[in-house]
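Since this is a predicted model, take the numbers as computed values, not measurements.
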Amino acid sequence: MKKGKLSPTAEIPERPSGPHLHFEIRSSISEKPTNPLLYGFDVRDATNPTLQKIYGFPLSDDAQINQNKNTTAINFTRQKDGTFLADPVYATGTIGLGFIGFDRQDLAANHNGLYSVQQLVNGKVYTDYDLESFSFGETRYINTLIDYYYYGKYRQRIQLLYKSPGNRLSIYNKLENDGKIVVREGLSYKVELLIKDYAGNLTKAIIPVEGKKEPVKVEKDEKKTENYVIAKKPNNYDLGAAKVYFPSNTFYDDFYIDLKKDDDTVRIHNSRVAAHRNFTITFDVSKYTEAEKKQMFIARLNSRLRPSHASTYKRGTTFTTRTRNLGTYTLAKDTIAPKISTKNFKDKQWLNNYHYLSVRITDDLSGIDTYSATINGEWILMEYEPKTNTLTYNFDDVILDKKECKLEVTVTDNVGNTNTMTSTFYRK
């Protein structure tokens, strides 16, 4: 069991940072959000989409690309007419293609997604999709539009030109053989990749594919384990310290899952496989006292074995968490209360010209759960900004009629450790 004081730089799951606005235009027929550029917004854009990388994927057991059975980078160069031409690709079997790219508008530096993507094989449309509208209910299926394994390893998104079995996105206008190319020995294929933005700016790449069977130099990099997950079926695993339950359709595809156990720690594969639905991890905590269990929680370990709090449901002799993140989980113990300190003022300071108070709050392990604050015993509204670990109170919120003011801030972490800070300031 992990315990004691750990670095405050431990990884934490992404979460909303507070109230914010969304700008949406929805179709009156389907009620789906639609691309705002369809409604006459004048956005200057004469810049072609940027194509960064192209990849080939051997999909069938007999497939290979350039003597390689794994994902293969395809080199390409820019031609005088602005198009891109790839080096010849020698392949056999069923293959797929993918690319890394983005779009940029003239007066903005941010990288945008691509509006339209097409793949043609010998002049025939094999893949055609666009993002004219999109249902938020399909958001998780974006995981199937990219090579998630590559994303989990390198944090780069290869956009796939073929559709996998678990892909239920409704963005496709046309698909031939799910965008997969069957390469036969002795035949030649001209593959064209067309990526466009809404303004019609086009980036084109030509990938010549030759059906040529060559000796394989790099075999498929696939680790087989004793546990094979069938995505459409529920899967239960007893790892001793914990039990793991995957409901049906937790994953998009079948795969060999790597499971390890060690005392109070279990490793559930790795973060390079995406989970569509929450699965449950249940730890047996019957060997711990009630006092110990009060300060314990389930934690997910990062690559440096630093824990981050996972929402823990405590019931009797079990702790359970529900998550979509594969990785290493353990039982951790937090005995240290949160820290509270003044940020933009000092104790017993005159604050006549101040517009706000700022307080810093941190927790070394399980994370902040709740906070509250009063001035002279009256509750005040303090706004929390987790990115800077800051609580802020604007004096405009309450008109103070006393010269001497006593501020009291109480913070509790996710296992119940509590700390209170008091500070006095003066204000006319």
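In Tyr154, the OH atom is not crowded: 12 or fewer heavy atoms of neighbouring residues, nucleotides or ligands sit closer than 6.0 Å. For Lys196, the NZ atom is loosely surrounded, since the number of other residues' heavy atoms within 6.0 Å does not exceed 12.
Note: Phe283 and Tyr329 fail the aromatic proximity criterion, with ring centroids not under 6.0 Å apart. Aromatic rings from Tyr150 and Tyr55 are positioned such that their centres are separated by under 6.0 Å. When ring centroids are compared, Tyr393 and Tyr356 stay outside the 6.0 Å threshold.
Evaluation of the ring-ring contact (aromatic ring centres under 6.0 Å, His included) rule for Phe134 yields no partner, not counting sequence neighbours. Qualifying ring-ring contact (aromatic ring centres under 6.0 Å, His included) partners for His355, counting only residues two or more places apart in sequence or in other chains: none. For Tyr228, the ring-ring contact (aromatic ring centres under 6.0 Å, His included) partners are Tyr256, not counting sequence neighbours. A search for side-chain contact (heavy atoms from CB on, under 4.5 Å) contacts involving Thr312 returns Phe297, Ile298, His309, Lys314, Phe319, not counting sequence neighbours. In terms of the side-chain contact (heavy atoms from CB on, under 4.5 Å) criterion, residue partners of His269 (sequence neighbours excluded) are, by chain and number, Phe255, Ile257, Asp258, Val273, Leu326. Residues passing the side-chain contact (heavy atoms from CB on, under 4.5 Å) test with Asn48, sequence neighbours excluded: Asn201, Thr203. With sequence neighbours excluded, the residues that form a side-chain contact (heavy atoms from CB on, under 4.5 Å) with Gln79 are Thr77, Asp81, Thr83, Leu85. Every residue meeting the ring-ring contact (aromatic ring centres under 6.0 Å, His included) condition with Phe84, not counting sequence neighbours, appears here in chain and number order: Phe76.
Residue pairs meeting the side-chain hydrogen bond (donor to acceptor under 3.5 Å, both in side chains) criterion with at least one member in residues 84-97, sequence neighbours excluded, do not occur. The list of side-chain hydrogen bond (donor to acceptor under 3.5 Å, both in side chains) pairs with a residue in residues 237-248, not counting sequence neighbours, is empty. The salt bridge (Lys or Arg N to Asp or Glu O under 4.0 Å) analysis of residues 60-74, with sequence neighbours excluded, yields no pairs. Counting only residues at least two apart or on different chains, the salt bridge (Lys or Arg N to Asp or Glu O under 4.0 Å) pairs with a member in residues 121-143 are Lys124-Glu176.
Rounding to the nearest 0.5 angstrom, the gap separating the CG atom in Asn66 from the CG atom in Asn75 is 9.0 Å. Note that NZ of Lys204 is 13.5 Å distant from CG of Leu51, once rounded to the nearest 0.5 Å.
When every heavy atom of Ile65 is checked against every heavy atom of Gly56, the shortest pair comes out as CD1-C, 3.4 Å. When all heavy atoms of Gly211 and Val183 are compared, the pair lying nearest together is CA-CG1, 3.5 Å. For the pair Thr388 and Lys343, the tightest heavy-atom approach, listed with the atom from each and the gap, is O-NZ, 4.0 Å.
Electrostatic pairing of Glu185 and Lys212 does not count as a salt bridge here, judged by no charged N lying under 4.0 Å from a carboxylate O. Between Glu24 and Arg26 there is a salt bridge, since a side-chain N of the basic residue sits under 4.0 Å from a carboxylate O of the acidic one.
Here the rule is side-chain hydrogen bond (donor to acceptor under 3.5 Å, both in side chains) with Tyr252, and of Thr144, Asn143, Asn167 only Asn143 fits it. Residue Thr127 forms a side-chain contact (heavy atoms from CB on, under 4.5 Å) with just one option from Gln119, Gln118, Lys174, and that option is Gln119.
With hydrogens and angles disregarded, no donor-acceptor distance shorter than 3.5 Å links the side chain of Thr410 to the backbone of Ser372.
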